[in-house]
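Here the structure is a predicted model, which is why all the values come from computation and not from measurement. Starting from 1, each residue takes its place in the sequence as its number.
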Amino acid sequence: MTEWLADAEQQAWRGLLVLNGRLQARLNRDLQDRHGISLADYEVLVRLHDRAEGWRVRELGPSLNWEQSRLSHQLTRMERRGLIERRDCVTDRRGAMIAITDAGRAAVETAAPDHVTAVRRLLFDALSPEDVSHLADLTARANAHLDGPRGSTGPGCA
């Protein structure tokens with residue numbers, strides 16, 4: 001028998017879905033309009049920017065919580081635009097490395113200040129310091145629960 005969500009749970013769940021969708025759409029539109037990159041481009045570029053040696057493809061997908069097919073299409077689009085490059089993996093000839101290009105580095109470094117300003121404007125300006133602390137605690141607990149044995153679904157790509 002299904003245990004349906006209580007009214008407060010339903011309200012919280014739907015609110016979370018709406019908030020996430022609206023934030024993603026607004027941040028994506030802002031990055032597209034101001035910098036010509038998508039939010040997905042930005043997420044990949046941030047990961048690559050922070051790791052000079054690049055990422056193995058099989059590690060990058062799970063770090064983004066993306067399915068392999070989404071990652072593959074995204075990387076192909078970004079490679080065509082010169083934001084990233086694929087390299088052979090030195091330690092495993094079957095593997096591929098993804099690295100940021102100079103153009104990708106410039107794109108993320110130019111977009112980052114505006115992106116942070118947008119995140120602050122769209123989310124954090126509406127919250128008190130206590131709200132931010134509670135939000136950080138709630139998201140940490142929910143993510144820890146998802147990482148646990150009952151909530152784990154495994155990585156999104158091999």
Side-chain angles (χ1 to χ4, degrees), residues 1-51 54-79 81 83-84 95-100 104-105 107-158:
M1 182 189 310
T2 301
E3 183 181 350
W4 298 105
L5 298 178
D7 289 343
E9 292 169 328
Q10 184 74 268
Q11 183 179 2
W13 174 241
R14 288 186 180 183
L16 181 62
L17 292 177
V18 169
L19 174 63
N20 183 56
R22 292 180 72 196
L23 280 172
Q24 296 272 332
R26 294 279 297 272
L27 292 169
N28 187 61
R29 186 170 46 249
D30 186 66
L31 284 167
Q32 289 276 4
D33 291 348
R34 300 182 95 182
H35 300 284
I37 61 173
S38 68
L39 184 56
D41 293 335
Y42 184 83
E43 290 178 19
V44 170
L45 291 172
V46 165
R47 295 286 188 315
L48 296 175
H49 184 275
D50 293 343
R51 191 185 278 187
W55 283 76
R56 291 190 59 147
V57 174
R58 71 176 193 202
E59 296 170 340
L60 184 58
S63 83
L64 294 161
N65 292 310
W66 289 3
E67 301 279 334
Q68 169 124 14
S69 62
R70 177 181 181 192
L71 179 64
S72 178
H73 290 298
Q74 182 66 38
L75 294 177
T76 298
R77 287 190 296 270
M78 292 177 74
E79 188 175 24
R81 292 172 34 228
L83 298 171
I84 62 152
M97 297 291 290
I98 302 298
I100 194 168
R105 186 172 306 284
V108 74
E109 289 176 357
T110 301
D114 288 337
H115 180 67
V116 170
T117 299
V119 169
R120 183 172 305 288
R121 183 183 78 248
L122 295 172
L123 179 63
F124 293 112
D125 285 353
L127 304 176
S128 71
E130 295 80 19
D131 292 335
V132 173
S133 179
H134 291 302
L135 181 59
D137 180 56
L138 290 171
T139 56
R141 286 181 15 222
N143 280 308
H145 178 72
L146 288 173
D147 290 339
R150 287 185 56 205
S152 178
T153 58
C157 75

Once you round to the nearest 0.5 Å, how far does [atom1] of [X] lie from [atom2] of [Y]?
{"X": "R14", "Y": "L17", "atom1": "CZ", "atom2": "CG", "answer": "9.0 Å"}
{"X": "L31", "Y": "R26", "atom1": "CG", "atom2": "CZ", "answer": "12.5 Å"}
{"X": "W55", "Y": "L71", "atom1": "CH2", "atom2": "CG", "answer": "11.0 Å"}
{"X": "E109", "Y": "I100", "atom1": "CD", "atom2": "CD1", "answer": "7.5 Å"}
{"X": "M97", "Y": "R51", "atom1": "CE", "atom2": "CZ", "answer": "7.5 Å"}
{"X": "R29", "Y": "R34", "atom1": "CZ", "atom2": "CZ", "answer": "13.0 Å"}

Is there a donor-acceptor contact under 3.5 Å from the side chain of [X] to the main chain of [Y]?
{"X": "S63", "Y": "L60", "answer": "yes"}
{"X": "D147", "Y": "A144", "answer": "no"}
{"X": "D137", "Y": "H134", "answer": "no"}
{"X": "N143", "Y": "T139", "answer": "yes"}

Check the pair I98 / E79 against side-chain contact (heavy atoms from CB on, under 4.5 Å), numbers first and verdict last. CA-CA 9 Å; I98 302 298; E79 188 175 24; over 6 Å; no
Sub-4.5 Å side-chain heavy-atom contact between L122 and R22: no
Could you go through the side-chain contact (heavy atoms from CB on, under 4.5 Å) check for W66 and V44 one step at a time? CA-CA 11 Å; W66 289 3; V44 170; 3.7 Å; yes
Nearest heavy-atom pair of [X] and [Y]: which atoms, and what distance?
{"X": "A118", "Y": "D30", "result": "CB-OD2, 3.8 Å"}
{"X": "R70", "Y": "A40", "result": "NH2-CB, 4.0 Å"}
{"X": "I84", "Y": "L45", "result": "CG2-CD2, 4.2 Å"}
{"X": "S38", "Y": "Q32", "result": "CB-NE2, 3.4 Å"}
{"X": "L48", "Y": "A99", "result": "CD1-C, 4.1 Å"}

Trace of the side-chain hydrogen bond (donor to acceptor under 3.5 Å, both in side chains) decision for S128 with E130: CA-CA 5 Å; S128 71; E130 295 80 19; 3.2 Å; yes
Residue among R77, H35, Q74 satisfying side-chain hydrogen bond (donor to acceptor under 3.5 Å, both in side chains) with D41: Q74
Do other residues, nucleotides or ligands put more than 12 heavy atoms under 6.0 Å from the CD atom of Q10? yes
Inspect the surroundings of CZ in R121 and state if more than 12 heavy atoms from other residues, nucleotides or ligands are less than 6.0 Å away. yes
